[in-house]
There are 2 protein chains.
Amino acid sequence: MPQPLYRQVAEALRQKITSGDVPPGAQLPSEPELEKRYGVSRNTVRLALTALANEGLVESRQGRGTFVRDRITFTVLASAEEGGSAGHGKDAFVAAVTVHGRKAEQVDFRMEVRTASPEVAARLQVDEGSLVVVRRMRRLIDGRPWSIQESFYPMDVAEGTRLMSPTDISYGTITEMARHGHTQVGYRDEVLSRMPTHTEAAFLGVGTGVPVLEMFRTAYSTERAIRLTINVYAGDSTQLAYEIGDVVAGQEAAQSTEAS
Amino acid sequence: MPQPLYRQVAEALRQKITSGDVPPGAQLPSEPELEKRYGVSRNTVRLALTALANEGLVESRQGRGTFVRDRITFTVLASAEEGGSAGHGKDAFVAAVTVHGRKAEQVDFRMEVRTASPEVAARLQVDEGSLVVVRRMRRLIDGRPWSIQESFYPMDVAEGTRLMSPTDISYGTITEMARHGHTQVGYRDEVLSRMPTHTEAAFLGVGTGVPVLEMFRTAYSTERAIRLTINVYAGDSTQLAYEIGDVVAGQEAAQSTEAS
DNA sequence: CAGTGGTCTAGACCACTGC
DNA sequence: CAGTGGTCTAGACCACTGA
């Protein structure tokens, strides 16, 4: 007995999906149909489909069927926000996405004042329970939900600035902070992977079995931590890229070799 | 109509786990025992346990039982391998982990020669199907599986170096490459989140529902891409950290303020 | 309404673990 | 060896979808 039955069925279906035989968005045969085709019981069929759903390959919708997930992936160059240089007139996200010919939207702006949770307090170097300003938004690419962002500011940084208003700041929040004496000179990102909460899954439009990529970005001036941004991305449609040191020389050298 | 039965059972068990009633590492009641206790069939018990495994809360081991997972998280400063500076006598991973007082191991070394897949070829700037040298290893922290690493080298880079031998290179592969004229000056990381394959889940000791964090690191000399390293980490026990620009000033200023 | 996936039962045998 | 989880069957009824 090589592989268990349900894994053989899963492998057969996986093959059809990755080979393009069943293209993204298409519907798989129904469960009774798969029973007959592979000569197994329905529970075994469901074990196979569960495995594929857990890999993010397919998604089942009650009463409708099981479909091949259509994954578009978008890469964010997360190391590009050097110091304050990205805040030149337009939001970095919109600029980056637009470059790729996609339509970027930022919706559902919200501003709240909360007390700092332990996680937030530690990163912002403020006391737990002290007041912080939270700015929330959701981001869409080509009309599809893509990420949830929350930015936390120490109250004394946000006070008296446009950060207190629940609207987009067209020239960028980094510039707004710099105008008030808080110039960003660097940041630290912490990236982790986890399963989404029910709410997150609902907004990001992912079924169960698709993880999220969570990024904590703590921004610093030469004096202190001035902002914490938490981004939650749909895991299977996002890549974060970081370029450290000199990568341009090696990439350009290769290109010129090709060209010659 | 409240919640489905299996979710009620899952919720009851989840409660006992998060409340500390069943501490990390402890064994849950056996499946027949849970059948009796909750008055449901074994399949329903298993659905509940599967759900908990998918959240990374528990882990089942055949023939032994189901146990509460003990999650330790480890943060890797992924932006620390500046140029070639990390290859100073000892492997960077072992050094970084040892600093934290944990025991790091690298096991199961393997060397293979393969043809480049499209993904590998694109990043290494070589033709698809050309020969590449692959070095594999698995990494443990405190004796527990933690990550799987595969490094790909263009054949002409690896040829005639110790990279061709299936053993650890104590002073680091970056140094070994530098000795043969390929000095690393920078790298690009691509980070994504996905569900593990069955094999990966088995090695990393996570349920099939716990995501993995996958990092593609392409290293460059001033001339070309010289290496591609693919790291697969257990998602719920790993954080990747990147520091961009100057973050030290802001952190130190805060500390001296506290101290004064 | 028929067809889909979601939930659930009551069995069975196998593979692995540790005594 | 007994006890554990892993796999598998053959049913059943329910909830949701779309024609």
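Letters go in sequence order (proteins before strands), and every chain restarts at 1.
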Asker: Are side-chain heavy atoms of B:Gln239 and B:Leu77 found at a separation under 4.5 Å?
Answerer: no

Asker: Salt bridge check: are B:Glu176 and B:Arg162 linked by an N-O gap of less than 4.0 Å?
Answerer: no

Asker: Go through DNA chain D and write down every stem, that is, every run of at least three consecutive Watson-Crick or G-U wobble pairs with distances under 3.5 Å, as range with range.
Answerer: C:1-18 with D:1-18

Asker: Once you round it to whole Å, what is the distance between P of C:dT7 and CD of A:Glu31?
Answerer: 11 Å

Asker: How many whole angstroms separate atom CD of A:Glu59 from atom P of C:dG5?
Answerer: 13 Å

Asker: Does a side-chain N-to-carboxylate-O contact under 4.0 Å join A:Glu112 and A:Arg110?
Answerer: no

Asker: Looking only at the side chains, is there a donor atom on one of B:Ser237 and B:Trp146 sitting less than 3.5 Å from an acceptor on the other?
Answerer: no

Asker: B:Lys36 NZ to C:dA10 P: how many Å, rounded?
Answerer: 15 Å

Asker: Hydrogens and angles aside, do A:Thr66 and A:Ser60 bring a side-chain donor and acceptor to less than 3.5 Å of each other?
Answerer: yes

Asker: Between A:Arg139 and A:Glu105, does any side-chain N to carboxylate O distance fall below 4.0 Å?
Answerer: no

Asker: Can you tell me the distance, in whole Å, between the CD atom of B:Gln3 and the P atom of D:dA15?
Answerer: 14 Å

Asker: For nucleotides 16-19 of chain C, print each protein N/O atom paired with a nucleotide N/O atom at under 3.5 Å, atom names and distance only.
Answerer:
unit_1: C:dC16; atom_1: O4'; unit_2: B:Gln62; atom_2: OE1; d: 3.3

Asker: What I want to check is whether the side chains of B:Tyr242 and B:Asp189 have a donor and an acceptor closer together than 3.5 Å.
Answerer: yes

Asker: Just compare D:dG6, C:dC8, C:dT7 and give me whichever is closest to any side-chain atom of B:Arg7.
Answerer: C:dT7

Asker: Which one, D:dC8, D:dG6, C:dG5, comes nearest to the side chain of A:Pro4?
Answerer: D:dC8

Asker: Expressed in angstrom and rounded to an integer, what is the separation of A:Leu34 atom CG from D:dC8 atom P?
Answerer: 15 Å

Asker: Rounded to whole angstroms, how far apart are CG on A:Leu5 and P on C:dA15?
Answerer: 13 Å

Asker: Grab the CD-P distance between B:Glu35 and C:dC8 for me, whole Å please.
Answerer: 14 Å

Asker: Do any of residues 38-52 of chain B sit with a heavy atom less than 4.0 Å from DNA chain C, and if so which?
Answerer: B:Val40, B:Ser41, B:Arg42, B:Asn43, B:Thr44

Asker: When you look at A:Glu150 and A:Arg135, which way does the salt bridge (Lys or Arg N to Asp or Glu O under 4.0 Å) test go after all the steps?
Answerer: CA-CA 6 Å; A:Glu150 282 188 332; A:Arg135 292 169 60 84; over 6 Å; no

Asker: Regarding A:Thr229 and A:Ser151, is there a side-chain donor-to-acceptor distance under 3.5 Å anywhere?
Answerer: yes

Asker: Give the C-alpha distance, both sets of side-chain angles, the deciding distance and a yes or no for side-chain contact (heavy atoms from CB on, under 4.5 Å) between B:Ile230 and B:Phe216.
Answerer: CA-CA 5 Å; B:Ile230 302 179; B:Phe216 292 78; 3.6 Å; yes

Asker: Can B:Arg42 and B:Glu31 be counted as an ion pair, charged N to O under 4.0 angstrom?
Answerer: yes

Asker: Counting only side-chain N and O atoms of A:Arg61, is one of them less than 4.0 Å from OP1 or OP2 of C:dG6?
Answerer: no

